Each structure stands twice: as C-alpha cells, then as structure tokens.
*Asks:* 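Pasting a structure here, questions to come.
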Amino acid sequence: MRIAAWNVNSIRARLDHLTDWLRAANPDVLCLQETKVIDDDFPANSFSRLGYECAWTGEKTYNGVAILSRHALHDVTIGHADARAEDSARLIAATVQGVRVLSAYIPNGKTLDSPSYAEKLEWLARLRKTLDATCKPEQAIVLGGDFNIARDERDVFDPEQMRGKIHFSEREHQALDEVLSFGLTDSFRAFTEEGQLFSWWDYRMGAFRRNRGLRIDYLFVSKVVKEALRTATIDIEPRTWPKPSDHAPVLIEFDL
DNA sequence: ATGGTAGGATTCCTA
C-alpha cells in the first residue's frame, strides 16, 4: 500500500497539479490539507474519474481536509473525539483495507505570544485524546498531514535562527511528542538521518531555490506499519511546477 | 530588523 499526504493550499487552485500528481505517483490513499472549500464545492468528480473515492470536510476560505482512496473508505469520522461546534475543519479519519488513516492540519500557531499558539498546543492535546478514544496502538495506523512543527535541527534550514520560534519551539515539540507517545513513529526517519530535506518552503525570498525550508509534513505510523515499511519519501517535484503549493507531498509504501 | 509571495475574500486575513 502507498499512502501520501499533501497540503495543497487550495484544492481549486491546485486541481491540475493534484490530478497530474495522482496519475504519476498513483498512491492508494492521499491525505489532503488546506482544501479551502466548503463541502458543496469539493471537486469529488475530478477524483472519481481517476478511480478515487473521497471523504472531506471543509469551510469557507480556510483549512479543510480530505482523504482520497482507490479502495473503499469505511468508518469516516470528522473532527476530534471531543468535537466542539466552533472547531475548524482540520481532522478527518477513515479506515482503508484495515488501516486507520487520519488526515490532519495542525493550527499554524502564528507566534509564541499569540492565542493561536495556545490553540495549537491544545489541538495537539486533543489529537492525543482522539487517538486514545478511537484507536489502539496495536492496529495499523497512518497519521498524515501538515503538523506545522519541525521536529529537530535536521528539519530546519537554520536551527540557530529558528530555535524558540514558531514551528520550532519547546512546547510544540513536547505537544507533538505526547501525540507520538501513543505509539507512532516518524516514517521518514526510519530511512534517513540526513538533514536539510524539507516538505515546505516559503513562497517569498526565493526560499525553494535556496532550499530554505522546513520539514513539517509527516506520515506517522504505528508499529505494525513501521515494520512493513518499504520507503518513505518527500516528492519535491510538484514544488518545481508553475504556481505550486508551498508544500510538497510526502509518501510511504508498506507491505500490508 | 524588515519584508518579501500566495490564495481567497474584499481592502484584509492567514500562512
């Protein structure tokens, strides 16, 4: 099975990139973030033509997540286990061929003194609670998406500049570690210790050309998936296309 | 230290 995650920064602006990439990479499952459309405007037909079934949740202008799958989607759930009316569209889960797949878009956080930062930490705490309430560490789980956190110094272009800043602060690291201590590991780090391999580059200042990026998009996997992993990669090619998303898709292959 | 770019809504917000 091949599972990918991609923050597309508007599914309407990126529809051609998405269909081109699906044809080329041919994943079984794709977790999308930042679709930026209300549910009525989600272009499900564009994906069903390519053989993908979809589950999605969106809102006007911001956020929005989805799961695309070549196989049947079962037990679709939207949001956290302790859902609130004011929650934005940042989490969707479904079971595909026995694998519990979650597509997550973690709040950006803005700055450490922003209310958004506290919301980011709380959102991650609720994600851990959702895992506790809906999953077991022994089962096959893939938690994919844009976490807006670079995990260590290998995952940022300039550790000294970034340390203590948003995306690379101690409390963010602790909150993400608490999620992973459920029983998930970073699939990418099962294959390489190399640094300066990124999944996001700012649109500004020629950041992609200069490889000034962050690795903030992940596919976290439970033990049974980790033991079955064959590859874990970041496909930077779509970031070189005209009018790209600022994120590149991440992809794993495993034998389950 | 600042500001640069992109998407989507609407002269601003989020990233």
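A, B, ... follow the sequence lines: proteins, then strands. Residue 1 opens every chain. Below, all heavy atoms of this structure are taken into account, side chains as well, without hydrogens, waters or symmetry copies. Keep in mind the model is a prediction, meaning the values are calculated, not measured.
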*Asks:* So what does A/F208 hit on the nucleic acid, given a heavy-atom distance under 4.0 Å: a base, only sugar-phosphate, or nothing?
*Replies:*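 The residue A/F208 makes no contact with any strand.
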
*Asks:* Scan nucleotides 3-7 of chain B against the protein and return all N/O pairs shorter than 3.5 Å with their distances rounded to 0.1 Å.
*Replies:*
{"residue": "B/dG4", "atom": "O6", "partner": "A/R204", "partner atom": "NH1", "Å": "3.3"}
{"residue": "B/dG7", "atom": "OP1", "partner": "A/R14", "partner atom": "NH1", "Å": "3.1"}
{"residue": "B/dG7", "atom": "OP2", "partner": "A/K243", "partner atom": "NZ", "Å": "2.8"}
{"residue": "B/dG7", "atom": "O3'", "partner": "A/S10", "partner atom": "OG", "Å": "3.2"}

*Asks:* Check the distance between B/dA15's C1' and A/N63's CG and give it to me in whole angstrom.
*Replies:*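 The distance from CG of A/N63 to C1' of B/dA15 comes to 11 Å, rounded to the nearest Å.
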
*Asks:* Between A/K120 (NZ) and B/dA15 (P), how many Å, whole number?
*Replies:*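 So the NZ-P distance, A/K120 to B/dA15, works out to 10 Å.
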
*Asks:* Can you name the nearest heavy-atom pair linking A/V76 to A/L73, along with the distance?
*Replies:*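 For A/V76 and A/L73, the tightest heavy-atom pair comes out as CG2-CB, 4.3 Å.
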
*Asks:* Whole angstrom is fine here: how far is it from CG in A/D41 over to P in B/dG8?
*Replies:*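 It works out to 11 Å between those atoms.
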
*Asks:* How close do A/I149 and A/Y218 get, counting heavy atoms only, and between which atoms?
*Replies:*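 Where A/I149 meets A/Y218 most closely, the heavy atoms are O-OH, 2.8 Å.
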
*Asks:* Send over the distance from A/D146 CG to B/dT14 C1', rounded to a whole Å.
*Replies:*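 Value for this atom pair: 13 Å.
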
*Asks:* Please determine if a side-chain N or O atom of A/K60 lies less than 4.0 Å away from the OP1 or OP2 oxygen of B/dG8.
*Replies:*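 The answer is no; no side-chain N or O of A/K60 sits under 4.0 Å from OP1 or OP2.
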
*Asks:* Which value, in whole Å, describes the distance between the C1' atoms of nucleotides B/dA15 and B/dG3?
*Replies:*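 About 15 Å, rounded to a whole number of Å.
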
*Asks:* Is A/R90 touching bases, backbone alone, or none of the nucleic acid, heavy atoms closer than 4.0 Å?
*Replies:*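 The residue A/R90 makes sugar-phosphate contact but no base contact.
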
*Asks:* If you measure only the distance, is there a donor-acceptor pair under 3.5 Å linking the side chains of A/R100 and A/T77?
*Replies:*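 Present: a donor and an acceptor within the cut-off.
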
*Asks:* Figure out the CG/P separation between A/D246 and B/dT14, and round it to whole Å.
*Replies:*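 Interatomic distance, CG of A/D246 to P of B/dT14: 16 Å.
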
*Asks:* Please report the closest heavy-atom contact between A/K36 and A/N9, naming both atoms and the distance.
*Replies:*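 Heavy atoms only, the tightest pair is NZ-OD1, 2.8 Å.
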
*Asks:* What integer number of Å spans the P atoms of B/dA6 and B/dT2?
*Replies:*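 Comparing P positions in B/dA6 and B/dT2 gives a spacing of 23 Å.
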
*Asks:* Using the P atom as the point on both nucleotides, what is the distance between B/dT10 and B/dT14, in whole Å?
*Replies:*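 About 13 Å, rounded to a whole number of Å.
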
*Asks:* Rounding to a whole Å, what distance do you find between A/N108:CG and B/dT14:C1'?
*Replies:*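 One finds 8 Å between C1' of B/dT14 and CG of A/N108, rounded.
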
*Asks:* For A/S222 and A/Q139, does a side-chain donor sit closer than 3.5 Å to a side-chain acceptor?
*Replies:*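 Not at all, the side chains of A/S222 and A/Q139 share no donor-acceptor pair under 3.5 Å.
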
*Asks:* Do A/R12 and A/D41 meet the salt-bridge criterion of a basic N to acidic O distance under 4.0 Å?
*Replies:*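 Salt bridge flag = yes for A/R12 with A/D41.
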
*Asks:* Using a strict threshold of under 4.0 Å (side-chain N to carboxylate O), is an ion pair present between A/D158 and A/K165?
*Replies:*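 The answer is no: the pair does not qualify as a salt bridge.
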
*Asks:* Rounded to whole angstrom units, what separation is found between the CH2 atom of A/W200 and the P atom of B/dT14?
*Replies:*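 After rounding, the reported distance stands at 17 Å.
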
*Asks:* Atom CG of A/D217 and atom C1' of B/dA15: how far apart are they, to the nearest Å?
*Replies:*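 Whole-Å distance recorded here is 13 Å.
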
